[in-house]
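Following: one structure in structure tokens, then a few remarks.
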Amino acid sequence: MQRSRSVPDNTPVDEDRAIRIVVILAGHLIFLSAAALRILRGARAHRIRANAPRWLQYFPPLVWLPLLIAVFARPLPVPLGLGLQLAGVAVAVAAGTFAAAGMWSLGRGYGIGLDIFADAPLVTGGIYRVVRHPMYLGIVLYHLGAAAALESGFLLIATALYVVPYTARRIGAEDRILGQGFGTEFAAYRRRVATLLPGLRA
């Protein structure tokens with residue numbers, strides 16, 4: 001039986017293509033959830049309109065720029081082997097699912113920006129009992145998984161130097177807005193539940 005032609009990192013072309021497709025589809029769990037919630041939520045009155053900089057308001061589309069570069073330009077390839085690639089795929093799929101679950105848990109309260117809507121309660125149940133920001137945890141873990149799955153040294157470096165700091169700034173801005181909108185209710189929730197990693201509340 002003839003073997004598939006190999007790419008420079010010795011991963012068969014068919015396997016490489018399948019891995020890339022699965023990683024992209026895992027990312028679409030997040031993209032499509034955002035789009036669906038945008039359609040379902042309709043017009044809503046605001047409780048608070050955030051005045052954060054545009055680069056923080058538009059975090060959801062901008063945080064994906066390194067992934068697009070890694071997928072289409074493929075700079076700094078680092079051969080890892082099929083086992084580590086598949087482990088990365090598993091992390092990317094699980095992280096994408098986790099982030100999407102966080103988005104759907106917010107329902108009509110979800111928004112791309114940092115605004116708080118009049119009819120949106122502070123969600124503290126379900127997945128939000130585990131961490132306060134499951135979407136952001138999912139996005140960071142997704143990028144780490146995708147870096148391994150795509151054998152991308154560039155994406156690993158970009159995750160450390162761009163995705164993680166950018167996400168931290170977004171979390172800080174969002175926490176300030178939630179504090180304004182929900183006052184002591186959010187303060188109590190913040191003391192009780194970790195930001196991203198259970199047990200680490202700072």
Side-chain angles (χ1 to χ4, degrees), residues 25-65 67 91-146 159 162-202:
L25 289 176
H28 275 73
L29 288 172
I30 304 173
F31 302 144
L32 295 178
S33 293
L37 286 167
R38 176 66 183 87
I39 293 169
L40 292 174
R41 73 190 187 191
R44 293 170 295 175
H46 285 75
R47 176 185 298 181
I48 294 180
R49 287 187 182 273
N51 60 359
R54 287 184 180 272
W55 61 273
L56 277 177
Q57 295 274 18
Y58 292 96
F59 167 90
L62 293 178
V63 76
W64 299 104
L65 293 177
L67 176 69
V91 170
V93 171
T97 303
F98 188 75
M103 297 166 74
W104 283 99
S105 295
L106 292 178
R108 285 175 55 82
Y110 172 77
I112 289 178
L114 292 165
D115 299 340
I116 297 179
F117 299 97
D119 60 348
L122 178 65
V123 177
T124 61
I127 200 169
Y128 285 86
R129 290 180 182 272
V130 181
V131 291
R132 294 201 318 275
H133 295 286
M135 288 182 289
Y136 302 137
L137 175 59
I139 287 171
V140 170
L141 291 178
Y142 172 87
H143 279 83
L144 290 173
T159 299
Y162 172 74
V163 174
V164 171
Y166 191 14
T167 302
R169 291 294 296 274
R170 169 76 175 206
I171 289 172
E174 187 165 307
D175 279 354
R176 286 191 291 273
I177 295 294
L178 290 170
Q180 294 174 31
F182 296 102
T184 57
E185 183 184 6
F186 177 71
Y189 175 57
R190 188 176 186 176
R191 288 193 298 269
R192 188 171 69 251
V193 178
T195 304
L196 291 179
L197 300 176
L200 296 178
R201 291 174 174 77

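We're numbering straight along the sequence, starting at 1. Given the structure is predicted, the values throughout are model-derived calculations rather than measurements.
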### Task
Could you walk me through whether R190 and F182 pass the side chain to side chain contact (heavy atoms under 4.5 Å, CB included) test, one step at a time?
CA-CA 11 Å; R190 188 176 186 176; F182 296 102; over 6 Å; no
### Shortest non-hydrogen contact from S33 toward A100
OG-CB, 3.5 Å
### Task
Kindly determine whether Y166 and V140 satisfy side chain to side chain contact (heavy atoms under 4.5 Å, CB included), including the steps that lead there.
CA-CA 10 Å; Y166 191 14; V140 170; over 6 Å; no
### Query
What closest approach, in Å, do P61 and I112 show between heavy atoms, and which atom pair accounts for it?
CD-CG2, 4.3 Å
### Message
Testing the basics here: between I127 and A101, what is the closest heavy-atom pair and its distance to 0.1 Å?
### Response
CD1-CB, 4.0 Å
### Query
Hey, is the main chain of L114 close enough, under 3.5 Å, to the side chain of Q57 for a donor-acceptor pair?
yes
#### Entry: Flag side-chain contact, heavy atom, 4.5 Å: L106 against M135
yes
### Message
Do V131 and L197 have side chains that approach each other closer than 4.5 Å (heavy atoms only, starting at C-beta)?
### Response
no
### Task
Provide the closest heavy-atom pair for A92 versus A146 in the form atom of the first, atom of the second, distance.
CB-N, 4.1 Å
### Query
Is L196 close to I171 at the side-chain level, that is, under 4.5 Å between some pair of heavy atoms?
yes
### Atom of Y58, atom of R170 and distance for their closest heavy-atom approach
N-NH1, 4.5 Å
### Query
Which distance, rounded to the nearest 0.5 Å, do you find between the CE of M103 and the CG of L29?
10.0 Å
#### Entry: W55 to L62 - nearest heavy-atom pair and separation
O-CD1, 4.0 Å
### Task
Check the pair V193 / Y128 against side chain to side chain contact (heavy atoms under 4.5 Å, CB included), numbers first and verdict last.
CA-CA 8 Å; V193 178; Y128 285 86; over 6 Å; no
### Query
By ring-ring contact (aromatic ring centres under 6.0 Å, His included), which residues pair with F31, not counting sequence neighbours?
H28, W64
### Query
Would Y136 and F59 count as a close aromatic pair, with their ring centres under 6.0 Å?
yes
### Test side-chain hydrogen bond (donor to acceptor under 3.5 Å, both in side chains) applied to H133 and D175, T195, T167, the passing residue
D175
